[in-house]
Amino acid sequence: MGLRAGQTSASMRLVTVDSDPSRAAIAVIGVGAMGSGIAQIAAQAGHQVHLVDAVEGAAVAGLERLAATLARLATKGRITPGQADAALFRLHVATSAADLPECGLVIEAIHEDLADKRALFAALAGSQPAGTLLATNTSSLDITAIARGLLHPERVLGLHFFNPPPLMRLVEVIHGHETSEESLTGAKELMRAWGKTTVQCTSTPGFIVNRVARPFYGEAQRMVATGIADAATIDFALREVGGFRMGPLELTDLIGQDVNLAVGTSVWEQTGRDERYAPTDFQRRLVADGRLGRKTGRGVFRYDGAGHPLDAVPDVALAAALTAGTILTNPLGRTLAMLVNEAVDLVARGEAGAEDVDTAMELGTNFPKGPIAWGAEIGFDVIAEQLRVLDTAFPGGRYRPSPALTARRSR
């Protein structure tokens, strides 16, 4: 049986089960890596999926990539040849958003530009029925701003997938000021039917993952820039002592220094240039110099043709000494204090629940523990004191302790 995206303007119910998957219309606009991955998930779940891209030929090229991906999955035995053929048969190219059939859900995955997204959603709001959910895969832009002034803004929400969408379990479900509970419920049910784990968040800058993760990158960059240790040693401390899957500096090289800087800058701008989220000159210089990471052969580290780092040898003894020392020069301690502070602050503002925050950071960034659970283990009073020491040593607001740390300590 196929999963059907039903739509009625009265109920805004998105998910039902139907034996005819041709009635389960999903559209994906923007057929890059993220859009293609989302389309693959939907097609394999039994939906008819319509692909749209403003760049001439991009949707067709995306369909060809998806055909190759499905064939490769069948060759590896992860799906049967019949399943691959059926999923491919459900994928269709549309010439434009205006030419889409009526859909239960339209997911936008175009570039991160608010004006362009607003224009697209205005067109979709005028061409799709009132019961169609309109979702954006934005990683940091404001859902309320995207929905402002549209017909039926209650059906606009964020569905933030993580790369690569078919493999990453997490989807952040983001609601703007006017998003209805029915829209959120329908979207979460559909994502769960697609095998995803959902977390819910208000449209706060960066949502959960990109908001809470900012210190993971920023503290490492600051410690390298001030000469506390070299990049490989900082990464070693976080990876081998802290249990993180990757160190923050090697991770930004993998993501792309330009991509990571753009997300960080967006969060900083949307928070009124709060010093807590200020991008570092260290990363700005990397981007200005074209040292974008693995994709350019050089970022924080240099890479060979296979993407292996050439200059990432840590000073193991120094890493051990730093992680056993004062909070001012402890890469792991500083990073954890900031991560816990950020997570506790987000929960205290009512923007997400503690369980959702921990789930998001474990699944979205592969953190070994959620920051709320980690804070409870370390002690919120310990975290608060560490931040006070850092705030005294480095005044300006970046290390200010959240009042919620004290509230948690006193419970």
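Computed from heavy atoms alone, side chains included, the values below leave out hydrogens, waters and symmetry copies.
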For [X] against [Y], the heavy-atom pair lying closest together:
X: Ala393; Y: Leu328; answer: CB-CD2, 3.6 Å
X: Val209; Y: Met361; answer: CA-SD, 3.7 Å
X: Ser203; Y: Leu141; answer: OG-O, 4.2 Å
X: Leu405; Y: Val344; answer: N-CG1, 3.9 Å

Got [X] and [Y] here, is their nearest side-chain heavy-atom distance under 4.5 Å?
X: Ile208; Y: Glu351; value: no
X: Leu88; Y: Leu63; value: yes
X: Arg398; Y: Met338; value: yes
X: Arg239; Y: Glu250; value: yes
X: Ile26; Y: Cys103; value: no

- Item | Residues Gln221, Thr280; criterion side-chain hydrogen bond (donor to acceptor under 3.5 Å, both in side chains); working and verdict | CA-CA 7 Å; Gln221 293 165 14; Thr280 64; 2.6 Å; yes
- So His160 and Phe162, would you call those rings parallel, tilted or perpendicular, with 30° and 60° as cut-offs? tilted
- For the residue pair Phe394 and Tyr399, categorise the inter-ring angle as parallel (less than 30°), tilted (30 to 60°) or perpendicular (more than 60°). tilted
So, [X] and [Y]: side-chain donor and acceptor under 3.5 Å apart, yes or no?
X: Glu112; Y: Thr138; value: yes
X: Thr329; Y: Thr326; value: no
X: Ser96; Y: Asp99; value: yes
X: Arg155; Y: Ser180; value: no
X: Gln270; Y: Asp142; value: no

Under the ring-ring contact (aromatic ring centres under 6.0 Å, His included) rule, collect the residues that match up with [X], sequence neighbours excluded.
X: His152; answer: none
X: Tyr277; answer: none
X: Phe216; answer: Phe244, Phe367
X: Tyr303; answer: none

- If you look only at pairs with a residue in residues 324-342, which of them pass as a salt bridge (Lys or Arg N to Asp or Glu O under 4.0 Å), with sequence neighbours excluded? Arg211-Glu342, Glu219-Arg334, Arg276-Glu342
- Item | salt bridge (Lys or Arg N to Asp or Glu O under 4.0 Å) contacts in which one or both residues fall within residues 60-69, not counting sequence neighbours | none
SB check [X] [Y] (cutoff 4.0 Å):
X: Asp253; Y: Arg294; result: no
X: Arg349; Y: Asp345; result: yes
X: Asp113; Y: Arg118; result: no
X: Glu178; Y: Arg148; result: no
X: Lys369; Y: Glu362; result: no

- Query: Run the side-chain hydrogen bond (donor to acceptor under 3.5 Å, both in side chains) check on Thr198 and Arg192 step by step: do they pass?
  - Reply: CA-CA 7 Å; Thr198 63; Arg192 290 166 187 160; 3.3 Å; yes
- Item | Partner set under side chain to side chain contact (heavy atoms under 4.5 Å, CB included) for His308, not counting sequence neighbours | Asp304, Ala306
- Contacts of Ala231 meeting side chain to side chain contact (heavy atoms under 4.5 Å, CB included) (sequence neighbours excluded), chain-then-number -> Val224, Leu249, Val300, Phe301
Test salt bridge (charged side-chain N to carboxylate O under 4.0 Å, His left out) applied to [X] - qualifying residues, sequence neighbours left out:
X: Glu269; result: Arg273
X: Glu355; result: none
X: Asp281; result: Arg284
X: Asp116; result: none

- Task: Applying side-chain contact (heavy atoms from CB on, under 4.5 Å), run through Gln257 and Phe282 and close with a yes or a no.
- Result: CA-CA 11 Å; Gln257 297 296 339; Phe282 175 89; over 6 Å; no
- Applying side-chain contact (heavy atoms from CB on, under 4.5 Å), run through Ile174 and Thr202 and close with a yes or a no. CA-CA 6 Å; Ile174 316 300; Thr202 66; over 6 Å; no
